[in-house]
Engineer: 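Please read through the structure below; I'll follow up with questions.
These numbers come from the heavy atoms of this one structure, side chains and all, not from hydrogens, waters or symmetry mates. Chain A is the first sequence line, chain B the second, and so forth, proteins listed ahead of strands; every chain is numbered from 1.
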There are 2 protein chains.
Amino acid sequence: MSQDGVGIDLDRSLGYLLKEASSALRSAMEEVLRPLGMNVTHYSCLELLAQRPGLSNSELARGAFVTRQSMNVLLQALERDGYVTRPAEARVGKVLPTQLTPLGRQSLERATAAVRAVEVRMLAGMTETEQSDAFRILRSMIHSLHDGDHDARLAPRPSSATGRQYTG
Amino acid sequence: MSQDGVGIDLDRSLGYLLKEASSALRSAMEEVLRPLGMNVTHYSCLELLAQRPGLSNSELARGAFVTRQSMNVLLQALERDGYVTRPAEARVGKVLPTQLTPLGRQSLERATAAVRAVEVRMLAGMTETEQSDAFRILRSMIHSLHDGDHDARLAPRPSSATGRQYTG
DNA sequence: GAACCTATGTCAGAATGCTGACATGAGTCA
DNA sequence: TGACTCATGTCAGCATTCTGACATAGGTTC
C-alpha cells in the first residue's frame with residue numbers, strides 16, 4: 001500500500017481524494033439524471049440558464065467546465081429539441097444570448113429535485129462548520145491552481161474560470 | 001446571480017464547487033502531463049502500478065475512476081509501447097497481474113515530479129489543520145455518496161470504489 | 001454435481017468532449 | 001484609419017470514455 005517515498009502516495013494525496021470525491025459525485029448525479037434523459041453537462045447548462053438568463057455559449061461553457069465547442073454541440077441539440085432558444089443573429093458582436101423555454105424550465109425542475117437530493121446526501125453527517133470549512137478550502141485550492149497557470153495572463157479572469165476556455 | 005429559491009444556487013453549492021476544484025486540478029495536471037505525452041488516466045495507471053505492483057485491469061480501473069473497458073484500452077496501448085507487461089495467460093482465474101517495465105518506471109518519474117508540483121501549488125496557503133480538515137471532509141462526502149447508492153449491494157466494497165465499475 | 005451469483009477480460013459501437021482551425025466582431029493604441 | 005489583440009461562434013477531425021454484450025473463472029448454496 002504505502003511506498004518507498006519515490007512516488008506520490010495516493011492514499012495520502014489530497015489531489016487523489018479530490019478526484020475520488022468528484023468522481024463519486026458525478027456518478028451519483030449521472031445515476032439520477034439518466035432516467036430523465038440528461039447528463040451532468042446537460043443539467044448544468046439548464047441550471048445556469050435558469051439562474052442567469054441570456055448567457056452566451058462561451059459563458060455557459062465556462063460555467064459547465066467544458067470547452068465552448070462542446071457546449072455549442074449541446075446547445076444546438078437543446079435548441080433543436082425546444083429546450084432553449086437563441087436569436088438567429090447577434091444584436092451586438094457575435095454573442096448569442098440563450099434563453100430557457102417553458103419546456104426547458106419544466107425539464108429542469110425534475111432534474112433539480114434529483115440533484116438536490118444527491119447534494120443533501122453528500123452533505124449528510126457534516127456540520128455547518130464543516131460545510132463552511134469545505135467551502136473555504138475548496139475555494140483556496142481553486143484560487144491557488146489558477147494563480148499558478150503557466151500561461152497566466154493579466155487579463156481579468158471571468159468568474160468560475162478554469163483555464164480550459166483558452167484551449168480552443 | 002442569486003435566484004428565486006427554485007433551483008440550486010450554484011454560487012453556494014458545495015457540489016458545484018467540488019466540480020470546479022476538480023476541473024481546475026484536472027486542467028492543471030493535463031497541462032503539465034501533455035508535454036510528457038500523458039494524460040491523467042495514463043499517469044494514474046502508472047502511479048498505481050508503481051505503488052501496488054501486480055494490480056489487475058479491473059483494479060486499476062477502480063483506482064483511476066474509469067470503467068474496466070476504458071482501462072483495458074489504455075493497458076493494451078501501454079503494453080504495446082513497452083511501459084507495462086502482462087502475462088499471456090492467467091495463473092489463477094482470469095486476472096492478469098500488470099507490472100511496470102523499467103521504461104514505464106522511467107516515464108513515470110518525470111510525470112510524478114510534474115504532478116507533485118501541481119499538488120504542492122494547490123495546497124499553497126493552506127495550513128496543516130486545513131489540509132487534514134479537507135481530508136476528513138472529502139472522505140465524509142465520498143462515504144455519504146456511496147452509502148446512498150440506489151443499487152447498493154451488501155457485498156464488501158473494494159477500496160476506493162466509485163460505483164462506476166458496476167456499469168459495464 | 002448443479003444452480004446461482006459475482007467478478008473478470010474483452011470486443012464492438014456509440015456518446016461525449018477535446019484540439020485545431022477559421023472568420024468575424026469589438027476594443028485598444030498609435 | 002490601420003494594426004493589433006482578444007473573445008466569440010462554428011466546422012471538422014480525433015481522442016477518450018462510456019454502454020452493451022459475451023464467454024469464462026471462482027465461490028456459494030443446496
Side-chain angles (χ1 to χ4, degrees), chain A residues 23 26-27 30-31 33-35 37-45 54-62 64-79 86-98 151 153-158 161-168, chain B residues 23 26-27 30-31 33-34 37-45 54-62 64-79 86-98 151-158 161-168:
Chain A
S23 170
R26 165 170 286 263
S27 290
E30 299 278 9
E31 188 178 336
L33 288 173
R34 182 162 318 143
M38 285 191 206
N39 64 25
V40 172
T41 305
H42 187 138
Y43 160 74
S44 298
C45 177
L55 282 187
S56 70
N57 174 50
S58 288
E59 290 167 325
L60 286 168
R62 280 192 291 270
F65 312 112
V66 297
T67 62
R68 67 186 195 276
Q69 292 93 328
S70 296
M71 182 55 72
N72 194 35
V73 171
L74 173 60
L75 274 185
Q76 286 173 357
L78 290 178
E79 194 173 11
R86 284 193 292 180
E89 293 196 355
R91 292 186 60 249
V92 55
K94 305 183 67 178
V95 176
L96 299 176
T98 312
D151 63 345
R153 293 158 177 75
L154 294 179
R157 186 173 293 281
T162 64
R164 185 177 283 170
Q165 70 274 18
Y166 297 121
T167 57
Chain B
S23 170
R26 168 170 283 263
S27 290
E30 298 278 10
E31 188 178 336
L33 288 174
R34 182 161 318 144
M38 284 190 207
N39 64 25
V40 172
T41 306
H42 186 140
Y43 159 75
S44 298
C45 177
L55 282 188
S56 71
N57 174 48
S58 288
E59 291 167 326
L60 287 168
R62 281 192 289 271
F65 311 112
V66 297
T67 63
R68 66 186 195 279
Q69 292 92 327
S70 296
M71 182 55 73
N72 195 35
V73 172
L74 174 60
L75 275 185
Q76 286 174 355
L78 290 177
E79 194 171 12
R86 282 193 292 181
E89 295 195 355
R91 292 186 59 248
V92 55
K94 305 182 68 177
V95 175
L96 299 175
T98 312
D151 63 345
R153 292 159 178 72
L154 294 179
R157 186 173 292 282
T162 63
R164 185 177 284 170
Q165 71 274 17
Y166 296 121
T167 59

Engineer: When you measure from the side chain of A:Arg86, which nucleotide among D:dT10, D:dA21, D:dC18 comes out closest?
Structural biologist: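 The listed nucleotide nearest to A:Arg86's side chain is D:dT10.
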Engineer: Return whichever of B:Arg91 or A:Ser56 has its heavy-atom-nearest nucleotide of DNA chain D closer to the 5' end.
Structural biologist: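 Result of the comparison: A:Ser56.
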Engineer: Which part of the nucleic acid does B:Leu96 contact within heavy-atom distance under 4.0 Å: base, sugar-phosphate only, or nothing?
Structural biologist: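 If one applies the 4.0 Å heavy-atom cut-off, B:Leu96 turns out to touch the sugar-phosphate alone, with no base involved.
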Engineer: Taking 4.0 Å as the cut-off, does a side-chain nitrogen or oxygen of A:Asn72 come that near to OP1 or OP2 on D:dG9?
Structural biologist: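 For A:Asn72, the contact criterion (side-chain N or O under 4.0 Å from OP1 or OP2 of D:dG9) is not met.
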Engineer: D:dT8 P sits how many Å from A:Met71 CE, rounded?
Structural biologist: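 Computing the A:Met71:CE to D:dT8:P distance gives 13 Å.
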Engineer: Within this structure, what is the CG-to-C1' distance between A:Leu60 and C:dG17, rounded to whole angstrom?
Structural biologist: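 For the pair A:Leu60 CG and C:dG17 C1', the rounded distance is 16 Å.
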Engineer: Take A:Thr41 and A:Ser70 through the side chain to side chain contact (heavy atoms under 4.5 Å, CB included) test and state the conclusion after the steps.
Structural biologist: CA-CA 10 Å; A:Thr41 305; A:Ser70 296; over 6 Å; no
Engineer: Do any side-chain nitrogens or oxygens of A:Ser70 fall under 4.0 Å of OP1 or OP2 in C:dC18?
Structural biologist: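 Affirmative; the distance criterion is met.
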Engineer: Using OP1 and OP2 only, check whether a side-chain N or O of A:Thr67 sits under 4.0 Å from C:dT19.
Structural biologist: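 For C:dT19, neither OP1 nor OP2 has a side-chain N or O of A:Thr67 closer than 4.0 Å.
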Engineer: State, yes or no, whether a side-chain contact exists between A:Val40 and A:Leu33 at a heavy-atom distance under 4.5 Å.
Structural biologist: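 They are in contact (side-chain heavy atoms under 4.5 Å apart), so the answer is yes.
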Engineer: Figure out the CD/C1' separation between B:Glu30 and C:dG17, and round it to whole Å.
Structural biologist: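 Interatomic distance, CD of B:Glu30 to C1' of C:dG17: 12 Å.
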Engineer: Please determine if a side-chain N or O atom of B:Arg34 lies less than 4.0 Å away from the OP1 or OP2 oxygen of D:dA15.
Structural biologist: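 Checking D:dA15 against B:Arg34, no side-chain N or O comes under 4.0 Å of OP1 or OP2.
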Engineer: Tell me: CD of A:Glu89 to P of C:dA23, nearest whole Å?
Structural biologist: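 To the nearest whole Å, that distance equals 20 Å.
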Engineer: Nearest to the A:Val66 side chain among C:dC18, D:dG9, D:dT19, which nucleotide is it?
Structural biologist: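 So the nucleotide nearest the side chain must be C:dC18.
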Engineer: Any donor-acceptor pair under 3.5 Å between the side chain of A:Lys94 and the base of C:dA26?
Structural biologist: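 No.
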Engineer: Taking atom P of D:dT17 as reference, at what distance in whole Å does atom CZ of B:Phe65 sit?
Structural biologist: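 That distance rounds to 14 Å.
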Engineer: Of the listed nucleotides (C:dT8, C:dG9, D:dC18), which one gets closest to any side-chain atom of B:Asn57?
Structural biologist: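 Comparing C:dT8, C:dG9, D:dC18 against the side chain of B:Asn57, the answer is C:dG9.
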Engineer: Does the base of C:dG20 carry an N or O that pairs as donor and acceptor with the side chain of A:Gln69 under 3.5 Å?
Structural biologist: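 It does, because a donor-acceptor pair links the side chain of A:Gln69 to the base of C:dG20 below 3.5 Å.
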Engineer: Counting only side-chain heavy atoms from C-beta out, which of D:dT8, D:dA21, D:dC11 sits nearest to B:Arg68?
Structural biologist: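 Nearest to the side chain of B:Arg68 among the choices is D:dA21.
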Engineer: Is any side-chain heavy atom of B:Gln76 closer than 4.5 Å to a side-chain heavy atom of B:Arg86?
Structural biologist: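 Yes. Closest side-chain heavy atoms under 4.5 Å.
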Engineer: Side-chain N or O of B:Thr41 versus OP1/OP2 of D:dT16: is the shortest distance under 4.0 Å?
Structural biologist: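 Answer no for this pair, as no side-chain N or O of B:Thr41 is under 4.0 Å from OP1 or OP2.
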Engineer: Taking atom C1' of C:dA15 as reference, at what distance in whole Å does atom CG of A:Leu33 sit?
Structural biologist: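 Result: 16 Å.
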